[in-house]
Protein chains: 2
Amino acid sequence: MKRFVLGIDIGGTNTELAIVDNEGTIYDGFNVSTHSCEAFEDYIALIGDGITDLIKRNHFDGKIEKIGVGAPNGNFFSGNIEFAPNLKWKGILPFASMLEEKIGLPVVLTNDANAAAIGEKVFGGAKDLADFVVVTLGTGLGSGFFVNNQLLYGHDGFAGEMGHAIVSSDKKRVCGCGRYGCLETYVSATGIVKTALEKIMLNPKESILKSIDSDKLSSFDIYSAAKNGDAIALEVFDDTARILAIALANVVTITSPRAIFLTGGLALSGDILMNPLTVYFDHYLLKLYRGKVNLLFSSLIDKNTGLLGAAALAFNNN
Amino acid sequence: MKRFVLGIDIGGTNTELAIVDNEGTIYDGFNVSTHSCEAFEDYIALIGDGITDLIKRNHFDGKIEKIGVGAPNGNFFSGNIEFAPNLKWKGILPFASMLEEKIGLPVVLTNDANAAAIGEKVFGGAKDLADFVVVTLGTGLGSGFFVNNQLLYGHDGFAGEMGHAIVSSDKKRVCGCGRYGCLETYVSATGIVKTALEKIMLNPKESILKSIDSDKLSSFDIYSAAKNGDAIALEVFDDTARILAIALANVVTITSPRAIFLTGGLALSGDILMNPLTVYFDHYLLKLYRGKVNLLFSSLIDKNTGLLGAAALAFNNN
């Protein structure tokens, strides 16, 4: 029997909402600009009214079981969004309880990377896996861990922040968190641009990247250049892959997952990233784990991972 | 009501066995040299006969519920000891099934660091904690993780090997695992000696350590020197604490534990280690976790952690 939930994917720019069924089919939905309202209360009201309208116009009254939300710095335990640096509203935002009050449906919330992991478990390539990791390579680097068939929340709901593992002890790269050398300052859409800018400056080799204004250089430019055989761009991917490989090999020593899934914008680089990554991962992995850990792209990589993850949270939590 | 199990702590040198009750009281027991037998079968027979005798002479017939074992490279899922570098028998050793057959009691087995974590949960300072880590600082560095009230085994039973997280990308320190730069090559009784030897060579400062034959220098010598204010020895502890602090801060980003317990020989250094460690840990910890994670010594540090851990496994697994 088909079951239905509402998925909400809150991003720094857009908030996307849609009805999703238990097979991962996305039905009607809508978007609002995350920052269209000055007050958080107004944002909740805007979303709430939109949901009421969505349900009504699709004749889904009484059919939606639950609302699942993926949000930056979302805390599953509290249902709050806590100190999200990319949102205009500061402090602790009781998203779940406020929307619940407005709509009268149960609301569960977690952070976007955890939602991606639950999406992989419910709708993606991890259906049969008890222990796996999903790494989202976007503006930053997010991660969600399943251990023993459960999402790993930790004592405070904030487990799975491997983007903030410190991987370099020099003070070259400052992170949004205020510290230096976090993994995401190297391995993310923004990190790879920093690596490229460093290499452009220091490396005498010719490169198409040198013709791009440094303010405008994007991870996609680096990908395109690498795809065309640009030596510096390929070096940038090689460096990035090596750093990610060590970080993943280190993660394996903690949770020993059966698989690691990569998703997010930078993961769309495909073989350009995966080929060197696989070689380095195998090289750096402790022998005990060799041949046991699948390193692959998310099977939802070309789908709406955010929405599916949010919906999966609602289904997973029944 | 008092309940009884038998704990077995298999070390590279000695195998220790004793009857333990559910309050952590250790009763009669015995030791055998782990390497006294050429064949693994003979070792099992020796232990088996010893257990039969132990039970008989204490009139515990029918009272022992289970046997718990902590072993190097012990795998809880299989009950095997798998490729333990410090044991003379190579390959896969089906310890649990062989002892079960010999004795007729159920045998559960895990690695020594996992046993230490279970010991902390059942008998120690983690009784009320769902999410915590135990780090054993001995010849190597072992770790056992509890998440959501369960020991973290991973898909293959080998989770919790943070001693083999790669913390340095230079090739200065080769690890017993064959790779370079593992945490335990810096943070362990052997790692700290290596750091001291490097410093002695490079640092012109006077140090009592310079009067000790480099082949004989031990972590206890470094501790004693640091305790007496020796500048180089204090630097060695400072470096070691800094490396451990970053590794622990990184671990927190994965599992978000409520507490981290240190135990093992090097942990007996007390304040000499803990004072700089606390400062660095606070410095390197992601803000999100600050003030939430207790860093402390195991409450079993002056007890027989190995035996208690093994016994705790038997109780925990009922």
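Side chains are part of it too, since the values below use all heavy atoms of this structure and drop only hydrogens, waters and symmetry mates. Here the structure is a predicted model, which means the values were calculated and not measured. Chain letters run A, B, ... following the sequence lines, proteins first and then strands; every chain starts at 1.
- For B:Tyr284, the parts lying under 4.5 angstrom from a heavy atom of chain A are both the backbone and the side chain.
- A side-chain donor-acceptor contact under 3.5 Å links A:His155 to the backbone of B:Ser256.
- The only option from B:Ile254, B:Leu152, B:Thr255 that meets the side chain to side chain contact (heavy atoms under 4.5 Å, CB included) definition with A:Phe145 turns out to be B:Ile254.
- Of the listed residues B:Met162, B:Arg242, B:His283, B:Lys287, the one with more heavy-atom pairs under 4.5 angstrom with chain A than any other is B:Met162.
- Atom-to-atom distance recorded for A:Glu161:CD and B:Leu286:CG is 6.5 Å, nearest 0.5 angstrom.
- Enclosure of atom NZ in A:Lys171 is not indicated, since only 12 or fewer non-hydrogen atoms of other residues, nucleotides or ligands lie within 6.0 angstrom.
- In this structure, chain A has heavy atoms under 4.5 Å from both the backbone and the side chain of B:Arg258.
- Counting heavy-atom pairs closer than 4.5 Å to chain B, the top residue among A:Ser168, A:Ala259, A:Pro257 is A:Pro257.
- Looking at B:Leu285, the atoms closer than 4.5 Å to chain A (heavy atoms on both sides) all sit in the backbone: N, CA, C or O.
- In this structure, B:Tyr289 and A:Phe158 approach most closely via the heavy-atom pair OH-O, 2.7 Å.
- Chosen from B:Gly160, B:Gly157, B:Gly163, the residue pairing most often with chain A at heavy-atom distances under 4.5 Å is B:Gly160.
- B:His164 and A:Asn250 get closest at one heavy-atom pair: O-OD1, 4.3 Å.
- The most heavy-atom pairs under 4.5 Å with chain B, out of A:Asp131, A:Thr253, A:Leu288, come from A:Thr253.
- Of the two parts of A:Ile246, only the side chain, counted from C-beta on, holds a non-hydrogen atom closer than 4.5 Å to a non-hydrogen atom of chain B.
- Contact of B:Glu82 with chain A is not made at all, since no heavy-atom distance falls under 4.5 Å.
- In this structure, CG in B:Asp156 is found 3.5 Å from NZ in A:Lys292, a value given to the nearest 0.5 Å.
- For chain B, the nearby part of A:Val251 is the side chain; its heavy atoms alone come within less than 4.5 Å.
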